[in-house]
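Each remark here refers to the structure printed beneath this line.
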Amino acid sequence: MQYSKKVLKHFKDPHNQGVIKNADAVGEAGNLKCGDIMKIYLKIKSPLDKGGWGDYFIKDIKFETLGCAAAIAVSSALTDMVKGMALDEAMKLTKDKIVEELDGLPPIKIHCSMLGLEALHTAINEYKS
Ligand code: FES
């Protein structure tokens with residue numbers, strides 16, 4: 001199995017790893033097949049005026065991942081990608097975009113990219129509700 005240089009870089013030196021105390025939202029996702037688990041912590045900045053969800057953005061994001069190299073690399077890249085992004089925009093992020101950002105993942109590891117997205121979307125949905 002061949003990982004891209006970007007995947008290895010994110011795996012060896014992950015960005016945004018850790019916990020946000022007093023997070024505004026927390027999302028968790030797990031993969032039943034491999035047993036890997038990921039948790040996303042969000043700090044969200046709300047607008048002063050009453051705009052739509054598009055005006056709320058991710059001020060800070062951290063992750064904890066108990067998983068494979070691909071899951072950790074995805075978590076690192078994903079958190080870099082959505083930091084500063086509006087919530088609506090972050091909800092539209094797809095696994096293909098993350099895989100593209102990492103210069104590809106081995107086909108057997110594509111499902112690992114879903115874990116991060118699920119945790120992120122769960123956190124955002126919880127915040128909205
Ligand atoms: Fe479980 Fe990658 S093998 S997320």
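Just so you know, ligand 1 is whichever comes first in the structure, and atom 1 is the first atom listed for that ligand. The shown structure was predicted, so the numbers you read here are calculated from the model rather than taken from an experiment.
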The number of protein N, O or S atoms lying under 2.8 Å from atom 1 (Fe) of ligand 1 is 2

Under 3.5 Å: donor-acceptor pair, side chain of K6, backbone of E101: yes

Exercise: identify the closest heavy-atom pair between [X] and [Y]:
X: S113; Y: L105; result: CB-CD1, 4.3 Å
X: S46; Y: Y127; result: CB-OH, 4.4 Å
X: G18; Y: E64; result: O-CG, 3.7 Å

Pair D103-S4, side-chain donor/acceptor within less than 3.5 Å: no

Checking side-chain contact (heavy atoms from CB on, under 4.5 Å) between N16 and each of T79, I40, V82, which is the one that passes? T79

